[in-house]
Amino acid sequence: MKRSSLLAMAMVLALLVSSVAGCTPTERIVEKEVEKVVTQQVEKVVTKEVEKQVVVTATPEPALGAKLPIAKMRLALNGPVPTMDTYLPMLGPAGEAVLLATGHLFRFDKSKTPLPDLVDTYSISADGLVWTMKLHANLKYHDGTPLKAADVVYSFNRIKDAAPTNKTLIKNITNVEAPDNQTVVWTLSQPERELPSFFANYFCAIHPQDKVEADKDYFMHPLSAGCYYIKEGKPGDPVIVLAENPNYVHGPMAIQTIELVVTPDMTSRTLQLGQGDVDFVYELPPAVRGVLAKGVSTSPFNIGGMIGLVFNLRMGEDTPVGNNKVRQAISLALDRDEISTKAFFGVATAAKGVCPDTWPEFVPLLANGGKQDLAAAKALLAGTPCENGCDMTLQTWSDRGGWPEAATVVKEQLAKININVTIDSVTAGVSMARMDKGDFEFCVGGMGLGRPARIWLSNQYVPGSFWTDKAAYKSAEMVALFDQAARAADEKQYLEATTKIQELGLKDMPLIPMLNRNVLIGTRLPDNVFAMVDGSDIFWTATMSEAQ
Amino acid sequence: MERPSELPQRTANEGTPIRLGGWVSRLAGNRLLQRLGSILLVTFGVMLIAFTLIRLIPGDPASILLGEGASTQDREAFRELLGLKGSLVQQLAAYVGGILRGSLGTSVESRQPVTQFIASRLPVTLSLIGVTISMALVLAVPIGILAAIYRRTWFGHLFRITASALVATPTFFSAVVAILLLAIHFNLAPVAGYRGNFPANLRYLWLPALVLCGVQVPVLARVLQSSIVDTLEQEFVETAIVRGLPRRTYVWRYLLRPSLAPTIALLGYIIGTLLGACVIIELIFNLPGIGTGLVQAVTNRDYPTVQGIVFVFGMIVVLVNTSSDLVSEWLDPRLR
């Protein structure tokens with residue numbers, strides 16, 4: 001009997017030892033170069049740090065980025081990369097992977113200005129209707145295949161009508177041709193000053209026609225003329241390794257290898273960053289701001305948009321949500337700073353206008369500067385369906401961090417003007433389905449997409465676009481203003497038009513801006529090497545010359 | 001090899017191939033047909049439930065996947081492309097037709113065949129289940145034997161209390177505690193970032209498997225314990241003791257083997273429940289298995305992928321249960 005019990009004990013011990021041995025620290029894939037970049041003191045227990053309340057500034061440690069190039073960085077993505085084919089719909093992470101690992105005509109700099117990338121020079125005709133783009137000489141994909149102007153024409157024609165392509169900037173393109181191997185000529189029916197922004201976005205990645213058509217699995221291992229190419233892994237994999245493209249026209253890059261690590265769970269991303277398993281995280285829980293390990297810099301970042309309240313105008317003027325005065329009163333009753341603090345730990349900051357306050361188009365147009373004014377709100381309710389109090393249902397997306405909490409704070413604040421709010425917390429998919437059917441009263445919404453502001457605003461105020469259709473907002477005057485902005489001859493005219501759009505938007509108020517849509521990012525890298533493009537969820541990686 | 005006369009007597013032709021002739025073959029044929037029929041019926045039922053349920057959830061794949069950038073017109077065009085315009089009956093007929101041709105459809109999200117998606121995800125889940133079952137058996141069998149033999153000692157009492165506590169602890173809770181303690185505090189396992197094939201992937205699998213074992217080991221050990229206790233009361237065991245058989249022969253042939261059948265049958269059930277438990281565990285440990293794939297597909301209303309995964313889940317459960325029945329019958333002829 002003793003022998004059998006000893007045998008059992010030995011088996012248990014052997015199992016535990018073998019399990020633990022399978023994960024010895026020596027197996028941890030920690031690149032030496034990155035180790036040099038990050039500080040030596042990687043705190044492993046996040047909770048301990050929270051207790052200590054170590055406030056980490058946004059300024060990286062002095063040693064960071066001391067030696068370039070960096071051999072490898074690990075980037076945590078908040079979702080999978082199911083495809084690299086922009087003909088298919090792609091949520092944020094896939095678009096980000098496409099921008100890193102395929103070639104584009106233009107590339108955003110950190111301030112979201114589109115700079116020529118595969119394009120060397122370009123000219124616009126006097127009437128603004130013909131754009132002539134000259135590609136760099138001897139462009140090649142990462143495998144050495146020459147890149148020709150015909151590839152640009154093919155790639156554009158392939159995606160121009162695809163459902164996921166945002167067509168606002170290209171709807172006026174009537175023709176594209178490649179008169180020679182280096183030149184692409186675009187003909188437009190109306191001038192479009194923001195055209196380079198379209199080509200810097202992920203939609204129009206450049207691929208060779210013959211290879212795409214010959215290989216049905218081409219997009220599992222696409223060719224790249226951009227900064228990086230897929231070296232290991234494929235779309236759908238949990239880890240995809242991008243290597244520097246030796247043929248990239250602006251190379252070499254400041255980071256030689258980027259590992260895309262798919263970690264959909266926000267808490268796990270936080271722990272990975274704290275443990276030193278990844279070097280950059282795009283979205284962290286607001287609560288961990290400034291309390292992660294030493295060497296990790298956390299800072300709020302505007303991803304290009306607003307969090308606001310969207311109203312269903314189908315309900316009609318005689319209903320609480322359909323009544324313009326009630327919406328104006330709700331806007332005045334909101335204490336945006338309180339929502340920011342209680343629901344987002346101050347990461348998403350109070351709105352003062354329609355646009356995020358870091359954009360050039362921003363004008364502080366919100367009544368009372370966006371501050372709460374309960375007396376004015378109550379005065380506005382006189383003669384409305386809410387004069388003696390009313391009931392409303394506020395729908396919120398349960399799967400977005402901070403949104404249900406924001407809805408709760410809004411409920412408390414509106415109770416002060418006798419509006420009784422019932423919160424209906426559902427997933428994004430359910431919420432969108434209900435909104436498509438017009439089956440909602442008002443909801444917490446996130447107006448994304450980022451700059452250019454004209455495109456972002458059109459998504460809220462021009463029929464046929466996402467939020468406009470959800471709110472069922474229609475205004476001929478507004479459409480005319482957008483046309484005016486598109487035809488603006490210079491920056492001054494453009495800003496005048498966008499200001500009028502914002503003024504009219506706040507007057508009609510299909511949506512109430514609440515907070516600048518900021519997320520918390522965490523990094524172990526200096527921002528001259530790897531950062532976010534301002535007002536977007538796009539990553540920016542430096543070339544050696546940019547980093548230096 | 002001597003056999004106690006009290007053991008259930010086997011048929012004369014045991015150990016040699018059964019000649020399928022006459023009523024024996026008819027009976028065996030009928031049983032085989034019955035099993036096949038029930039497998040097909042259950043699989044079809046599972047497929048039908050998956051097809052119906054995912055469509056009952058409000059949400060439009062076109063809206064979810066295209067996001068804010070797409071116009072109303074784009075969404076309509078995309079719905080058409082996905083084949084979501086037809087009636088439910090038409091969609092079901094197309095889906096069943098596809099299955100009969102060996103196709104589970106095309107993913108709404110990636111436009112890749114669902115079979116390809118499942119083939120890329122299933123190995124992770126099966127590895128997790130394999131590691132869990134291996135760990136569970138290695139732990140449960142000795143514990144079960146010891147708990148049966150020493151059931152009236154402090155070990156038996158400790159086992160009962162510990163087992164009850166472990167079974168009562170929700171997996172998601174023990175998973176979080178395990179991450180906090182073993183992954184973060186002691187840095188013995190990574191929090192996420194699964195990669196690699198066997199055996200490199202064991203580094204990512206051992207901790208989730210250990211968490212799953214927290215529930216499975218006590219259950220298996222308890223069943224084995226009570227089964228062995230029953231066996232101990234059989235006369236043939238007393239005979240073996242009186243005959244003074246070697247300990248190894250006694251434990252394996254007279255205690256363990258006759259007692260294993262309920263445990264093996266339970267193992268089939270456990271594999272089925274593990275498939276479900278893996279959904280939660282894969283999410284918590286960020287494993288790119290079929291469970292996270294299922295959640296992702298449900299979130300994006302990727303109908304063909306959800307249907308395909310649930311269909312494969314159903315097939316696996318039915319096959320495993322059938323296999324465990326067959327193994328149990330082989331171990332204990334009384335079950336035939």
Side-chain angles (χ1 to χ4, degrees), chain A residues 1 3-5 7-9 11-12 15 19-20 22-23 25 27-28 44-47 74 80 82-83 85 88-89 91 163-167 235-239 261-265 268-269 271-272 274-275 277-278 399 427-430 432-434 436 447-449 459 464-467 469, chain B residues 57-60 62-75 77-78 81 107 109-112 117 120 135 138-139 141-143 145-146 149 179-180 183-185 187-195 199-200 202-203 206 210 247 251 283-288 292 296 299-301:
Chain A
M1 212 51 71
R3 267 177 58 193
S4 65
S5 59
L7 186 68
M9 291 296 188
M11 285 165 81
V12 172
L15 181 83
S19 301
V20 174
C23 47
E27 281 187 27
R28 300 182 65 80
K44 296 182 185 79
V45 186
V46 177
T47 47
R74 294 148 304 172
T83 180
D85 184 0
L88 302 173
L91 303 170
T165 304
N166 188 321
K167 300 165 187 76
D237 283 356
V239 178
V261 182
V262 177
T263 312
D265 178 52
S268 300
R269 288 199 296 277
L271 296 174
Q272 281 182 300
Q275 279 191 301
D277 287 342
V278 296
D399 40 6
T427 60
V430 175
M432 278 199 258
R434 285 189 190 167
D436 282 340
M447 281 60 89
L449 293 185
N459 210 29
S465 57
F466 190 84
W467 288 112
D469 286 356
Chain B
I57 306 172
D60 170 30
S63 286
I64 294 168
L65 290 170
L66 293 177
E68 288 179 66
S71 64
T72 307
Q73 211 176 358
D74 288 332
R75 286 197 291 277
F78 193 58
L81 176 77
S107 163
E109 190 180 9
S110 67
R111 304 306 291 160
Q112 294 289 317
F117 178 80
S120 69
M135 280 172 89
V138 168
L139 292 168
V141 171
I143 291 173
I145 295 171
L146 292 174
I149 294 170
I179 287 176
L180 204 62
I184 297 173
H185 192 71
N187 204 17
L188 293 173
V191 175
Y194 178 92
R195 70 184 78 190
L202 287 178
R203 179 169 171 260
W206 77 268
L210 189 68
R247 184 179 296 273
V251 170
L283 279 178
I284 295 174
F285 286 90
N286 289 279
L287 298 173
T292 44
Q296 183 192 325
T299 306
N300 293 334
R301 305 294 188 273

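Just so we're on the same page: letters track the sequence lines, and every chain starts at 1. A quick note: this is a predicted structure, and the numbers were derived from the prediction, not measured. Computation of the quantities below employed the complete heavy-atom set of this structure, encompassing side-chain atoms and omitting hydrogens, waters and symmetry-equivalent molecules.
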Legend entry - Which residues share a side-chain contact (heavy atoms from CB on, under 4.5 Å) with B:S107, sequence neighbours left out: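 Listed in chain order: B:E109, B:S110, B:D302, B:T305.
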Legend entry - Any A:L271 side-chain heavy atom under 4.5 Å of B:I184 side chain: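 Yes; the side chains approach each other to less than 4.5 Å.
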Looking at chain B, which one of [options] has the largest number of heavy-atom pairs inside 4.5 Å, strictly under?
options                        : result
A:A433, A:G236, A:P264, A:G464 : A:G464
A:V262, A:T263, A:D85          : A:T263
A:L88, A:D237, A:T83           : A:L88

Legend entry - Partners passing salt bridge (charged side-chain N to carboxylate O under 4.0 Å, His left out) against B:R75 (at least two apart in sequence or in another chain):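 Counting only residues at least two positions away or on another chain, B:R75 forms no salt bridge (charged side-chain N to carboxylate O under 4.0 Å, His left out).
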[X] and [Y]: which non-hydrogen atoms are nearest, and at how many Å?
X      : Y      : answer
A:M432 : B:I64  : CE-CA, 3.9 Å
A:V261 : B:G193 : CG1-CA, 3.7 Å
B:D74  : A:T165 : OD2-O, 3.9 Å
A:P238 : B:Y194 : CG-O, 3.4 Å

Contact part of [X] toward chain B, heavy-atom cut-off under 4.5 Å: side chain, backbone, both or neither?
X      : answer
A:T427 : side chain
A:P235 : neither
A:V430 : both

Pick one of side chain, backbone, both or neither for [X], based on which atoms fall under 4.5 Å of a heavy atom in chain A.
X      : answer
B:I179 : side chain
B:P58  : both
B:A192 : both

Legend entry - Side-chain (B:Q112) to main-chain (A:P82) donor-acceptor, under 3.5 angstrom: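 Answer holds: no.
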Inset, instruction - Could you grab the distance from atom OG1 of B:T292 to atom CG of A:D265, nearest 0.5 Å is fine? - result: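 Here the rounded value is 11.5 Å.
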